[in-house]
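For reference, the structure discussed in these notes is given below.
What you are looking at is a predicted structure, and each value in this text was computed from that prediction instead of being measured.
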Amino acid sequence: TLQAGVGKEVRLIRVADVVYFESDSRYTRVVYLEDGRQRDALLRTPLKDLIAQLDPARFQQVHRATVVASARIASALRDDEGGMQLRLRGVPDVLTVSRPFQGLFKPQ
């Protein structure tokens with residue numbers, strides 16, 4: 001369970017509900033699903049510290065500033081310029097995969 005701030009409220013977020021984490025300077029934005037709806041909140045933990053606490057079997061870093069729940073990845077799309085984007089299950093957000101992490105998404 002994660003404790004995140006939403007306004008004046010502290011929310012308890014189940015790790016299983018997390019879609020992705022995104023660095024926001026000293027904080028980390030967490031995007032999660034609650035009752036089938038996309039929500040987001042801020043954790044007071046920098047992403048680099050949070051990565052060390054996450055299960056690598058459940059979460060993948062796809063950018064210096066982004067970690068995504070592996071189960072939420074629907075597809076990886078390579079563009080004509082050599083970039084890559086992830087489409088996610090449950091949310092409309094599209095995430096950029098930086099070059100160092102594109103090797104995670106090679107066809108088998």
Side-chain angles (χ1 to χ4, degrees):
T1 304
L2 303 167
Q3 292 187 13
V6 178
K8 294 181 178 182
E9 182 180 7
V10 174
R11 289 231 175 112
L12 300 179
I13 301 168
R14 294 179 339 139
V15 174
D17 294 336
V18 172
V19 178
Y20 66 92
F21 297 98
E22 186 173 56
S23 179
D24 185 8
S25 67
R26 295 188 335 246
Y27 299 101
T28 299
R29 178 176 169 243
V30 58
V31 175
Y32 63 101
L33 295 175
E34 182 179 76
D35 299 325
R37 296 181 61 194
Q38 180 177 342
R39 309 260 189 222
D40 67 277
L42 285 180
L43 302 174
R44 296 188 187 275
T45 306
L47 184 61
K48 66 178 182 159
D49 295 344
L50 186 62
I51 289 171
Q53 300 172 29
L54 296 173
D55 180 355
R58 295 179 67 182
F59 291 93
Q60 288 183 263
Q61 186 167 8
V62 298
H63 189 280
R64 174 179 53 85
T66 311
V67 173
V68 66
S70 302
R72 302 288 183 182
I73 298 171
S75 66
L77 177 65
R78 193 175 304 279
D79 62 31
D80 294 336
E81 291 81 39
M84 184 178 280
Q85 295 184 327
L86 292 181
R87 302 223 183 274
L88 305 172
R89 290 183 179 92
V91 297
D93 303 12
V94 176
L95 303 179
T96 299
V97 179
S98 63
R99 286 201 193 280
F101 298 101
Q102 289 182 8
L104 297 170
F105 304 99
K106 291 188 177 184
Q108 300 292 320

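Cluster membership for V68 and V97, using ILVMFWY side-chain heavy atoms within less than 4.5 angstrom, is shared. Cluster annotation: L104 is connected to L95 through the hydrophobic network of ILVMFWY side chains, with a link wherever side-chain heavy atoms come within less than 4.5 Å.
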With a 3.5 Å cut-off and sequence neighbours excluded, list the donor-acceptor pairs that the side chains of residues 39-57 form with protein atoms.
{"unit_1": "R39", "atom_1": "NE", "unit_2": "E34", "atom_2": "OE1", "d": "3.3"}
{"unit_1": "D55", "atom_1": "OD1", "unit_2": "A57", "atom_2": "N", "d": "2.9"}

Sequence neighbours excluded and cut-off under 3.5 Å, please list the side-chain donor-acceptor pairs for residues 82-91, or say none.
{"unit_1": "R89", "atom_1": "NH1", "unit_2": "A71", "atom_2": "O", "d": "3.2"}
{"unit_1": "R89", "atom_1": "NH1", "unit_2": "I73", "atom_2": "O", "d": "2.5"}

Per-pair distances, 0.1 Å, donor-acceptor, side chain in residues 10-21, under 3.5 Å, sequence neighbours excluded:
{"unit_1": "R11", "atom_1": "NH1", "unit_2": "Y32", "atom_2": "OH", "d": "3.2"}
{"unit_1": "R14", "atom_1": "NE", "unit_2": "D17", "atom_2": "OD2", "d": "3.1"}
{"unit_1": "R14", "atom_1": "NH2", "unit_2": "D17", "atom_2": "OD1", "d": "3.0"}
{"unit_1": "Y20", "atom_1": "OH", "unit_2": "D93", "atom_2": "OD2", "d": "2.5"}

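The shortest heavy-atom contact between E81 and R99 is O-NH2, 3.5 Å.
Legend: residues meeting side-chain contact (heavy atoms from CB on, under 4.5 Å) with S98, ordered by chain and number and at least two apart, are H63, P100, F101. Residues passing the side-chain hydrogen bond (donor to acceptor under 3.5 Å, both in side chains) test with Q61: none are found, sequence neighbours excluded.
Counting heavy atoms from C-beta on, the side chains of Q38 and P92 come closer than 4.5 Å.
Sorted by first and then second residue, the ring-ring contact (aromatic ring centres under 6.0 Å, His included) pairs involving residues 68-92 (not counting sequence neighbours) form an empty list.
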